[in-house]
2 protein chains.
Amino acid sequence: MLKEERQNMILEIIADRNKIRSAELSAHLKVSEDTIRRDLRELAEGGFIKKVHGGALANPKTPESIHRRGSAPLAEMQVIAEKVLPSIKENQVIIMDGGVIIEHLVSLLNPDISLTVFTNSILVADRLVDFSSVEVYILGGKIAGRRRVSNGIDVINMLQEVNADLCIFEISSIHADIGLTGNNRDIALTQKAMITAANHSIGLCLSERIGRIQPFRITTVNYLSYLATEVPKESGMLHSLIQKGVHFI
Amino acid sequence: MLKEERQNMILEIIADRNKIRSAELSAHLKVSEDTIRRDLRELAEGGFIKKVHGGALANPKTPESIHRRGSAPLAEMQVIAEKVLPSIKENQVIIMDGGVIIEHLVSLLNPDISLTVFTNSILVADRLVDFSSVEVYILGGKIAGRRRVSNGIDVINMLQEVNADLCIFEISSIHADIGLTGNNRDIALTQKAMITAANHSIGLCLSERIGRIQPFRITTVNYLSYLATEVPKESGMLHSLIQKGVHFI
DNA sequence: GATTTTCCTGCAAGTTTTTGCGGTATTCTA
DNA sequence: TAGAATACCGCAAAAACTTGCAGGAAAATC
């Protein structure tokens, strides 16, 4: 990997997360911590970031870092993304939904990993295109609102011909008896198609959404291979899910 | 292979991949790394790319994320976009390709216009989603490199069921006798399908690309309803096109 | 058509950049 | 304040770069 390329990646990560530790960067980019420190020093000298003991912070001057999306529970999402990361293995064919957690997940991916990814999210596709060994397929269809994902019959049609190893998607609501639900029929049908098109599925779910029920049924919980959430297993509400056979990450 | 020819290939590769190593270019173009370095140095001096230790990166100078041939034709692209703008009318169904000119065009659109747009460009789709009265459909398929457009059989399949009023696309090469051509088979076939799926088509073409011939045939010129370019009509080379029945905007 | 001139390319020698590592200093944390 | 984590420094090897040069191709000139 070229030095400048690596430094650009560091800048992107910092723009995304506002902070980063040298050790993490070293592991992620597969270079020594010394090299990372040298990079950080150069970037700091150029005024792009602020270097601190242990890593670096986003430059307080740039308004860029404040544009953080919504007031969503960022830290929790980060935790979930990190939990799911090891499930993504070299050379897999993966279907990815859109959403903030999944965008985090993508930013954690090893830049040299080789994958084939089908996604209905414009933002996820946009980011993955920069991975040189990832083949990206965008699932065509009507794009709904701000989430920037395509939904509906076209997506479902295209998924019919896909047989993926893994489907990674964000869960809007999950309930032990009712199953997975959403508040939009098209999106619900699309997610169902995604799950069906893959051998295994991992649902990413903020704990606040566990137990919630929304109008449109996606599937029952037993179609879900794994559930990734940020709370420890003991949490009461999860027990009925575990009894239903849901595995946790 | 001529030097200039080789440098153009280097530019295209960088425009597509956003980065390249000298060693790769050397192997691919079958010349020594020294020659590649000399090429990169010249291109960097012309401001077309950014040379770095080990290879080169796309030029970050240009405001938009797509880097075409240097910064020169930006003004011309603006002119073309402005010429085409009046052709887009309320309530039309439009197929849009990707490319810098088209991105300009989108940024000129009236924010309240009502349209239905099919596009294979992630960037175009991303921008159009913010228009409240525009229905955006992304054409699914494999995303090719840096241009961030989907191509190939999936796109073509999806277009089969579309019947649009207008197709707006960027022309890579046009020649009065040979017709429209491109340097990538998948893209060529995709563009052909786009043109076929619409009643009328407008090709956006920088004048420097008029008269050029590339390996893959898209269609003959008579499938083109209008050609939009930045030079006045008197220009010599255009006459043979006019005689072939091409209309100019 | 022959000759001169200019340009292009690959090679070799020497220089610079990049990177990881060991050793040491500094900073953080309990 | 001790121990751990982090940072810095200098060094060495590998990779990449620069430069000058020579053979050969292309273009210009006569």
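Side chains are part of it too, since the values below use all heavy atoms of this structure and drop only hydrogens, waters and symmetry mates. Within every chain, numbering begins at 1; the chains are lettered A, B, ... in the order of the sequence lines, protein sequences first and strands thereafter.
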Exercise for the section: Please tell me which of B/His53 and B/Glu42 maps to the more 5' nucleotide of DNA chain C, matching each residue to the nucleotide holding its nearest heavy atom. Expected result: B/Glu42
Practice task
Return the value, rounded to whole Å, for the distance between atom CZ of B/Arg38 and atom P of C/dG10.
Solution key: 8 Å
Handout entry: B/Lys3 side-chain N/O to D/dA26 phosphate OP1/OP2 under 4.0 Å
Key = no
Exercise for the section: Let me know, please, whether B/Glu33 or A/Ala23 comes out on the 5' side of the other along DNA chain D by nearest nucleotide. Expected result: A/Ala23
Practice task
Please state whether the phosphate of C/dT18, meaning OP1 or OP2, lies under 4.0 angstrom from any side-chain nitrogen or oxygen of A/Arg6.
Solution key: no
Problem - C/dT9 phosphate, OP1 or OP2, under 4.0 Å from B/Thr35 side-chain N/O - result: no
Handout entry: Lys/Arg-Asp/Glu bridge criterion (N-O < 4.0 Å) met for A/Glu45, A/Arg41
Key = no
Fill in the blank from the handout: Closest of C/dG10, C/dT27, D/dG10 to the B/Val31 side chain is C/dG10
Problem - Nearest-Å distance for atom pair CD1/P, residues B/Ile36 and D/dA16 - result: 13 Å
Practice task
Would you tell me if any nitrogen or oxygen in the side chain of A/Arg21 comes within less than 4.0 Å of OP1 or OP2 on D/dT6?
Solution key: yes
Problem - B/Asp39 with B/Lys3: basic N within carboxylate O range, under 4.0 Å - result: no
Exercise for the section: Take the protein atom CG of A/Leu2 and the nucleotide atom P of C/dT18, then report the distance between them rounded to whole Å. Expected result: 11 Å
Exercise for the section: Ignoring backbone atoms, test whether B/Arg41 places a side-chain nitrogen or oxygen under 4.0 Å from the OP1 or OP2 oxygen of D/dT18. Expected result: yes
Problem - Note: A/Glu12-A/Arg17 ion pair, threshold 4.0 Å (strictly below) - result: no
Problem - N or O in side chain of A/Ser22 less than 4.0 angstrom from D/dA7 OP1/OP2 - result: yes
Completion exercise
Exactly one candidate in B/Asn120, B/Val149, B/Asp97 meets side-chain contact (heavy atoms from CB on, under 4.5 Å) with B/Leu139; the answer is B/Asn120
Problem - Donor-acceptor pair (no angle test) under 3.5 Å: B/Asp34 side chain, D/dC17 base - result: no
Problem - Separation of atom CZ in B/Arg37 from atom P in C/dT16, rounded to whole Å - result: 16 Å
Practice task
Grab the CG-P distance between A/Leu25 and C/dG20 for me, whole Å please.
Solution key: 13 Å
Fill in the blank from the handout: Rounded to whole Å, the CG-P distance (B/Asp39 to C/dT9) equals 7 Å
Exercise for the section: Provide, to the nearest angstrom, the distance between the CE atom belonging to A/Met1 and the C1' atom belonging to D/dA15. Expected result: 17 Å
Exercise for the section: Figure out the CD/P separation between B/Glu4 and C/dC7, and round it to whole Å. Expected result: 14 Å
Problem - B/Asp154 and B/Lys142 ion-paired at < 4.0 Å - result: no
